[in-house]
Structures are given as C-alpha cells and as structure tokens.
Amino acid sequence: MEKHLLNLKFAAKELNRNAKKCDKEEKTEKAKIKKAIQKGNTEVARIHAENAIRQKNQAINFLRMSARVDAVAARVQSAVTMGKISALMDKFEHQFETLDVQTQQMEDTMSSTTTLTTPQNQVDMLLQEMADEAGLDLNMELPQGQMGSVGTSVASIEQDELSQRLARLRDQV
C-alpha cells in the first residue's frame with residue numbers, strides 16, 4: 001500500500017512537471033506566432049497558434065490529472081495511516097489483555113502462596129491467645145477461615161455480661 005502511495009505521489013509530480021513543460025511550449029509557440037506575423041507569413045502563424053492552444057489545453061489537462069492523483073494519494077495516505085493506527089490499537093489491546101491475565105495469575109499465585117505458607121492452626125492459636133490477653137471470648141467453633149466479625153463477638157460479650165449482671169441481681173433479691 002505504501003509502495004502505491006509513493007507511486008501516486010511520483011505520478012502527481014510528473015504530471016505537474018509535464019504541465020509546466022506545456023506552459024513553456026505554449027510560450028515558445030506564441031513567440032513563433034509573433035515572428036511569423038512580423039514576416040507576414042499568416043499560414044505559419046496559424047499553425048503555431050493551433051500548437052499554442054493545444055499546449056495550453058494539454059497543460060490544463062495535466063493539472064487536472066495531477067489534482068485527481070493527489071486526491072487519490074491523500075485517500076491512500078489516510079488509509080495507510082488508519083491501518084497503522086488500527087494495528088497499533090489492536091497490539092495495545094492484546095498487550096493489555098495479556099497484562100490482565102498475568103496480573104490475575106500473579107494475584108492468584110500470591111494468594112495461594114500466602115495461605116499455604118501460614119499454617120491455619122498457628123493462626124487460630126495466635127487469635128485465641130490475643131483474645132485471651134484482651135479478655136475476650138473468641139468463638140473458635142466456626143469452620144476454618146470463617147471467624148465471626150468483631151461486631152458480633154463484641155455483641156455476644158456484652159450479652160454475656162448483661163446476663164451475668166441480671167443473674168447477680170436476682171441472687172441479691
């Protein structure tokens with residue numbers, strides 16, 4: 001496609017050169033017309049006039065053709081540019097998809113590595129130890145990995161304290 005674009009641009013330049021060449025030929029023919037008229041040779045002057053008009057028309061035709069070729073070259077240039085941009089965007093999308101897959105795989109690997117290197121029973125023991133130090137009752141009867149939230153453990157502790165206070169009040173009465 002780019003080769004065709006270069007050929008089109010070259011053709012447009014060549015047509016412009018030919019148009020300029022025809023303009024020069026027209027001027028030369030006009031000069032010959034003047035000389036023929038000055039010599040009184042009207043038949044030769046008429047032939048040079050026909051040649052001058054033909055050269056002028058040919059120059060105009062070359063310019064028209066050059067303009068058309070330039071227009072086609074511009075369209076081809078747009079197509080080439082859009083093709084390159086499209087290819088670049090496709091490449092970026094592919095790279096981003098690859099990056100997303102790699103990122104997800106890395107996250108999965110890191111997640112599984114972290115859970116595999118930390119023994120669950122040690123985690124449970126540390127949680128129980130910290131709860132005992134804080135004076136809290138940690139509900140360890142939940143299945144592994146499903147600890148109660150802080151809000152529910154605090155609520156259950158408050159409920160236990162209230163129940164104990166009520167029992168003491170009943171004993172006093």
Side-chain angles (χ1 to χ4, degrees), residues 1-124 126-127 130 142-154:
M1 192 77 142
E2 289 182 33
K3 183 179 179 181
H4 294 299
L5 178 63
L6 290 174
N7 287 337
L8 287 171
K9 287 182 178 182
F10 178 75
K13 285 183 182 182
E14 187 68 28
L15 289 168
N16 278 331
R17 280 190 217 117
N18 288 340
K20 288 178 184 177
K21 186 177 178 181
C22 287
D23 283 338
K24 285 181 185 179
E25 290 292 325
E26 178 190 3
K27 289 177 185 175
T28 304
E29 290 296 327
K30 284 181 180 180
K32 290 179 181 178
I33 293 170
K34 284 181 186 178
K35 285 183 186 180
I37 290 174
Q38 288 171 351
K39 291 182 181 179
N41 199 347
T42 57
E43 191 61 34
V44 173
R46 183 176 297 278
I47 292 171
H48 288 299
E50 289 174 1
N51 287 342
I53 291 171
R54 189 174 20 82
Q55 291 295 335
K56 181 179 180 178
N57 289 337
Q58 206 168 7
I60 291 171
N61 287 337
F62 279 133
L63 287 175
R64 277 190 191 128
M65 187 61 76
S66 174
R68 287 180 181 165
V69 171
D70 274 339
V72 171
R75 286 178 137 177
V76 171
Q77 176 69 45
S78 295
V80 168
T81 302
M82 292 304 289
K84 285 181 181 179
I85 290 172
S86 178
L88 185 62
M89 291 304 292
D90 289 345
K91 186 176 178 182
F92 277 139
E93 286 177 9
H94 181 265
Q95 288 177 347
F96 281 125
E97 288 172 359
T98 303
L99 181 64
D100 287 344
V101 168
Q102 289 174 346
T103 302
Q104 185 62 41
Q105 185 177 2
M106 181 69 91
E107 288 174 359
D108 292 346
T109 303
M110 292 302 289
S111 173
S112 66
T113 301
T114 322
T115 55
L116 290 176
T117 58
T118 310
Q120 188 62 39
N121 64 348
Q122 289 180 0
V123 171
D124 292 342
L126 181 60
L127 284 173
M130 292 290 108
L142 293 174
Q144 286 187 351
Q146 295 184 359
M147 294 294 179
S149 67
V150 174
T152 56
S153 62
V154 169

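Source: prediction; values computed, not measured.
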Applying salt bridge (Lys or Arg N to Asp or Glu O under 4.0 Å), which residue pairs with at least one partner in [range] are found, sequence neighbours left out?
| range | value |
| --- | --- |
| residues 12-24 | E14-R17 |
| residues 47-58 | none |
| residues 66-86 | E2-K84 |

Return the set of residues passing side-chain hydrogen bond (donor to acceptor under 3.5 Å, both in side chains) with [X] (not counting sequence neighbours), or none when no residue passes.
| X | value |
| --- | --- |
| N16 | S66 |
| S86 | none |
| E97 | none |
| E26 | K30 |

Would you please test M1 and L5 for side chain to side chain contact (heavy atoms under 4.5 Å, CB included) and show each step?
-> CA-CA 6 Å; M1 192 77 142; L5 178 63; over 6 Å; no

So, using side chain to side chain contact (heavy atoms under 4.5 Å, CB included) as the criterion, who are the partners of [X] when residues are at least two apart?
| X | result |
| --- | --- |
| M82 | none |
| T81 | Q77, I85 |
| Q95 | K91, F92 |
| L6 | none |

Is there any side chain to side chain donor-acceptor pair (under 3.5 Å) pair reaching into residues 34-49, and which pairs are they, with sequence neighbours excluded?
-> E29-H48

On a heavy-atom basis, the closest approach of A52 and I33 is CB-CD1, 4.3 Å

